[in-house]
A.B. asks: 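First, the structure itself, so that you have it in front of you.
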Amino acid sequence: MIEVCIGLLVLWPLAAGLACLGLRSAGPRTGLVLATAAVLAASALVLAAQAPLTANPELLASATALHLARAAAFLFPAVFLFLGLRARHTLVSTVALAQLALAAYGEFGLPAAAAAQNAVVCDGLALALVLVVSLVGPLVCLFALPYMRHHEEHLRLTSSRQPQFFLILLAFLGCMNGLALASDLRLFAAFFEATTLCSFLLIGHDRTEEARQSALRALWLNSLGSVFLHAGCLLIQQRFGLADLHLIASPGLWTGISPLPLALLLIACCIKAAQLPFQGWLIGAMVAPTPVSALLHSSTMVKAGVFLALRLAPALEDTATGRLLALAGALTFLGASALALGQSNAKKILAYSTAANLGLIMACAGVGTPQAIAAGIVLLVLHAVTKGLLFLCVGDLEQASGSRDLEDLRGMLTQTPVSALAASAGALAMILPPLGMLVGKWAALEALGTNPAPVMVLALVLLAVGSALGVVCWVRFSGTILGGRAVGPLVGTHGVQPSAQASSLSTGPILALLAGAVGLGLAAPWLNALLLPPWPGHALSGGWGLLPPLFLIAMLGWVLGLKALSRQSAGPLAAPYLGGLPSRGPGTYVGPLGRNRTLTEGNEYALELFGEPGLTRVAGVLAGVLLLALLAGALS
Amino acid sequence: MKTLALALAGLVLAPLFGGLAAGLDRVLTARLQSRLGPPLLQPFHDAAKLWSKVISPASPWQGLFVRWALTAALASAALFASGADLLLCFFVQAAGASFVALGAFCGSSPYGRLGAQRELFQMLAYEPVLLVALLCLAKAAGGFEASAVLAVNGPLLFKLPLVAPGLIFVVLVKLRKSPFDLAASQHMHQELVRGVYTDYAGRDLALIKIAHWADVAVVLWICALFWATGPVQMLLAGLVTLLLALLIDNISARLTWRVMLKVVAPAALALASANLFWLYLG
Amino acid sequence: MFGAFLKKSQLRSPWLLHFDCGSCNGCDIETLACLTPVYDVERFGIINVGNPRHADLLVVTGTVNPRNAVVLKNLFDQMPTPRLVIAIGACGCSGGVFREAPNVLGGVDKVIPVDVYVPGCPARPEAIMDAVVAGLAKLKGILEADQ
């Protein structure tokens, strides 16, 4: 049963994708995506019901699978080399050559590593990622169906390229499931590389010059990550003859031994998770269509980096490597949050915020205590849901308004009420108690706070500042969307027509993700308790016990607020106070010489403090120094 | 059961203490300026008068955000009083401040919206300092619960001397006093007309006032935690902080948000972080 | 008990909005002098707010002309109810010495309903404070009539 589920989780999406490619029309495509959603959700839930478990399915345990993985270590770099030569891109080609060299050394220069003890170990962390991929992923794919149709209408394409798009999107889901479940490092690395290829193809989907360049940049940076990954794996293969991810993560293995392989693996994680100074590929990837950004670049692919870091975290507890990783993560949290503050491009705000929150999870991984790891996993799940929601809403708003700039999204409340309200709600869900993201941040702060090392003070201060930066960014985002110029009666009360684009396939996933974000926040104490090893404590110990009462208070506030909202929406609104000057219409006033003037406004981005070029340089240099220190420290 | 009683006490007493603090503030300011000043209970009269005023709202969202701000402020007061986790209380209070800014974002007057932008920068300036101050308190007390801080022997001020300037900065910002009354100046003074409060009126303004009193009470309570040897001493500590804030308010002019963000906040944060580092070393 | 406190407070906290229509500033100086330590109107809970949405009393000085009549009307409309208007000085009451000028419409009551008139050129601070007290007595009457 479990083996069937695992097989479905990994292979069904690929099959469905191939079927999408074959049957090129829209109707079967919708059916296939819906079927994939159902199959993935069901399989993931069956797995969840039986977890924690170990299994040895034919798919991942057989010798054929291992051979395929070892072949993939050559195949993917070869493909990347071909792509680099075709595009005449030096960096892609060079990194691909390096990958091939490492693969050759690993295959022919070293004795083969032993197979993993159990091909699949589904513990809390693996299950969290599988659930995120299998529940959030299909929702994004469903959203992509009407979105891509409008996208292609807007671009006026003669022949639809949706079949290829959905093939890669669905196949990617299978790769992520495989990545989450595989214990063998070679299989993990194969899936890791597969996601790099999917990302390259999807970023470059629109085939504009900007998309091409961004795709190549993502390719070489992620391949660089693979180089580090393989280098770490080879060192482990050489030292221990092991390839089992769970054995490598045990602290006992590393006593008295240089943690250089771990450091190399962690650098690979940082690159995949777009940490400073490697965030450039993620920011450039925002040219892709929104479902790509939502799925790969916030909910799932970048999570692969933090997933590996959290997996290795037990070996990092109380080590210098761990402390430096925590510091690097905290610096990314601060730096990326500050960069988000200076942005007015909505997707870039979301991208920088993603990098920041992944930095927070990295900081948890660096600490390595069970509480820190549990906080990291809670953050992983909640961030995937909330950020996915935000990306989908921003995508819908962008299609309706034609612009990505936050200043142009003012007043979208009357045009696309569902997306605008969900975007505001999502933005607030990133920062407000008692919802999940805040709870995760609080748990992370406490986990770092209980660590006695003095250098953690720096991490704590960086996190404190980063937290304030994030709050300001999201309040401003939510306020801009809610407080648009067209502030008036809500849709439905005065017959304002919502945009024609509100199909149930776009609003359904948005509403489902919103419900998920709130519901998971409610369940956060129990989520946390499930992730901790069996301890005498229970779900509602310490500060966690405050969360249910806080939820009740929040619901009370919600009811009172909604009553006020309905009462105030029903009556007339007051004229704006403009120093007594009359206004001839909304957003105008009668100024000198009796002329009508428009009232314009914009957010203050404080570019002298948060401007992108300068801050990227400063933060990038600092982060680079930290990561070099991490590597150098591990050498001794 | 005892925690529930304490929480209810905090819920009811925080706005009352905050209102009294506001009244005391006005009387003492007046005496400093050689005037008589209003009666001590004047803030309560003000709120009660506002309760009965009838006026159209500037936006349908304002009532919602006002009630959320009030809920958050009262919740954080109740949590602090019942000795709960310091960091969660801080985050709840910060949520309240966010709601005030959001309500102003949804308003219609440019003064209100400019006030909201400035309120965001003020939050950016004081929140890290307050969070690090709470982390210092937690480290010195050996636990994150407010009850652990109250149980420490002897005043914590001597272990946390460098945090004091930062805390005064936070108090000045929260009480909306010069030189940091950028988003909205404290009562009577004006900045951007009424800044972030411009669009609130009538009953909404009364509720925001009550939320502000609860906020003030919470911040002064945090300051009182630095000398938590007994209830009288805590009251005196809160009063001393209030007097200091009042004095600084009356002798200083307003700074700009750039100076606040680039000079004052980093300096306060650096001092508080140095104190935290020293605590970790010792 | 709360109800009694609410009723009492409505007279204990008159916030005023001061608007200078076209005054020579003589009456404005006298009005603002009320805020100084010598007269100290804050004893009565009076605060000078700049925002009509927060104000209970509109204290107007100066003559009304077509230009500032619009602003005056706007400010009055943006005040919450119940509200009072106090016209200060000869100009505010009837246009004063400028009554015959071509651009002057007259006193404040040409645009908005006035509740208390304070004669004088300029009006004395004591008279202005007395006007506020008289206005509050009128407000008390209005509130009791509403019961």
A.B. asks: Side chain, backbone, both or neither: which part of T198(B) has a non-hydrogen atom closer than 4.5 Å to chain A?
C.D. replies: side chain
A.B. asks: Counting heavy-atom pairs closer than 4.5 Å to chain B, which one of L578(A), L460(A), L463(A), N603(A) comes out on top?
C.D. replies: N603(A)
A.B. asks: Is L556(A) in contact with chain B via its backbone, its side chain, both, or neither, using a 4.5 Å heavy-atom distance?
C.D. replies: neither
A.B. asks: Parallel, tilted or perpendicular: which one describes the rings of W68(B) and W558(A), with boundaries at 30° and 60°?
C.D. replies: parallel
A.B. asks: Against chain B, label V475(A) side chain, backbone, both or neither, depending on which of its atoms sit under 4.5 Å from a heavy atom there.
C.D. replies: both
A.B. asks: Name the region of L124(B), side chain, backbone, both or neither, that has any atom closer than 4.5 Å to a heavy atom of chain A.
C.D. replies: both
A.B. asks: Taking side chain as everything from C-beta outward and backbone as N, CA, C, O, which of these in L114(B) sits under 4.5 Å from a heavy atom of chain A? Side chain, backbone, both or neither.
C.D. replies: neither
A.B. asks: For the interface with chain B, which of S478(A), A606(A), A574(A) has the highest count of heavy-atom pairs at distances below 4.5 Å?
C.D. replies: A574(A)
A.B. asks: What's the shortest heavy-atom distance between P525(A) and L547(A), and which atoms?
C.D. replies: CG-CD1, 3.9 Å
A.B. asks: Which bit of L469(A) comes within less than 4.5 Å of chain B, counting heavy atoms only: side chain, backbone, both or neither?
C.D. replies: both
A.B. asks: A554(A) versus chain B, heavy atoms under 4.5 Å apart: side chain, backbone, both or neither?
C.D. replies: neither
A.B. asks: Tell me which of these, L546(A), V471(A), L550(A), I553(A), has more heavy-atom pairs under 4.5 Å with chain B than the rest.
C.D. replies: L546(A)
A.B. asks: Side chain, backbone, both or neither: which part of E608(A) has a heavy atom under 4.5 Å from chain B?
C.D. replies: side chain
A.B. asks: Between F169(B) and Y126(B), is the ring centre distance below 6.0 Å?
C.D. replies: no
A.B. asks: Please classify the contact between K441(A) and chain B as side chain, backbone, both or neither, with a heavy-atom cut-off of under 4.5 Å.
C.D. replies: side chain
A.B. asks: Are the side chains of E407(A) and Y605(A) in contact, using a 4.5 Å heavy-atom criterion?
C.D. replies: yes
A.B. asks: Heavy atoms, side chains only, cut-off 4.5 Å: are L130(B) and Q93(B) in contact?
C.D. replies: yes
A.B. asks: Counting only non-hydrogen atoms closer than 4.5 Å, does S467(A) touch chain B with its backbone (N, CA, C, O), its side chain (CB onward), both, or neither?
C.D. replies: side chain
A.B. asks: Side chain, backbone, both or neither: which part of F121(B) has a heavy atom under 4.5 Å from chain A?
C.D. replies: side chain
A.B. asks: With side chains defined as the heavy atoms from C-beta onward, is the minimum distance between R597(A) and T588(A) less than 4.5 Å?
C.D. replies: no
A.B. asks: How close do P57(B) and P572(A) get, heavy atom to heavy atom, and via which atoms?
C.D. replies: CD-O, 3.8 Å
A.B. asks: May I ask you to check whether Q568(A) and D204(B) show a side-chain donor-acceptor distance below 3.5 Å?
C.D. replies: yes
A.B. asks: Below 4.5 Å from any heavy atom of chain B, which atoms of L341(A) appear? Answer side chain, backbone, both or neither.
C.D. replies: side chain
A.B. asks: Which one of F90(B), F65(B), W257(B) has the most heavy-atom pairs closer than 4.5 Å to chain A?
C.D. replies: W257(B)
A.B. asks: Do L102(B) and L428(A) touch side chain to side chain, with heavy atoms closer than 4.5 Å?
C.D. replies: yes
A.B. asks: Charged N to carboxylate O below 4.0 Å: is that the case for E604(A) and R118(B)?
C.D. replies: no
A.B. asks: Anything in residues 69-78 of chain B with a heavy-atom distance to chain A below 4.5 Å? Please list those residues in order.
C.D. replies: T71(B), A75(B)
A.B. asks: Taking all non-hydrogen atoms of both residues, which atom of L462(A) and which atom of L327(A) are closest, and how far apart?
C.D. replies: CD1-O, 4.2 Å
A.B. asks: Between L120(B) and chain A, which part of the residue has a heavy atom less than 4.5 Å away: side chain, backbone, both or neither?
C.D. replies: both
A.B. asks: By a 4.5 Å heavy-atom criterion (distance strictly below it), what part of R258(B) contacts chain A: side chain, backbone, both, or neither?
C.D. replies: side chain
A.B. asks: Does K53(B) NZ have over 12 foreign heavy atoms under 6.0 Å away?
C.D. replies: yes
A.B. asks: Below 4.5 Å from any heavy atom of chain A, which atoms of I55(B) appear? Answer side chain, backbone, both or neither.
C.D. replies: neither
A.B. asks: Within 45 degrees of the axis of the six-membered ring of Y280(B) and under 6.0 Å from its centre: does K139(B) put its NZ or CZ there?
C.D. replies: yes
A.B. asks: Counting only heavy atoms closer than 4.5 Å, note whether L609(A) contacts chain B via side chain, backbone, both or neither.
C.D. replies: side chain
A.B. asks: Of the backbone (N, CA, C, O) and the side chain (C-beta and beyond), which part of L279(B) lies under 4.5 Å from a heavy atom of chain A, both, or neither?
C.D. replies: neither
A.B. asks: Output the option from R67(B), E127(B), M123(B) having the highest count of non-hydrogen pairs under 4.5 Å with chain A.
C.D. replies: R67(B)
A.B. asks: Report yes or no: do D199(B) and S59(B) form a side-chain donor-acceptor pair below 3.5 Å?
C.D. replies: no
A.B. asks: Name the orientation class of the two ring planes belonging to Y577(A) and Y111(B) (parallel below 30°, tilted from 30 to 60°, perpendicular beyond 60°).
C.D. replies: tilted
A.B. asks: Check each atom of V193(B) against the heavy atoms of chain A and say whether the ones under 4.5 Å are side chain, backbone, both or neither.
C.D. replies: side chain
A.B. asks: With side chains defined as the heavy atoms from C-beta onward, is the minimum distance between M430(A) and S353(A) less than 4.5 Å?
C.D. replies: yes
A.B. asks: Before giving the answer on side chain to side chain contact (heavy atoms under 4.5 Å, CB included), spell out for W61(B) and L413(A) the whole-Å C-alpha distance, their side-chain angles and the decisive distance to 0.1 Å.
C.D. replies: CA-CA 12 Å; W61(B) 295 101; L413(A) 198 57; 3.7 Å; yes
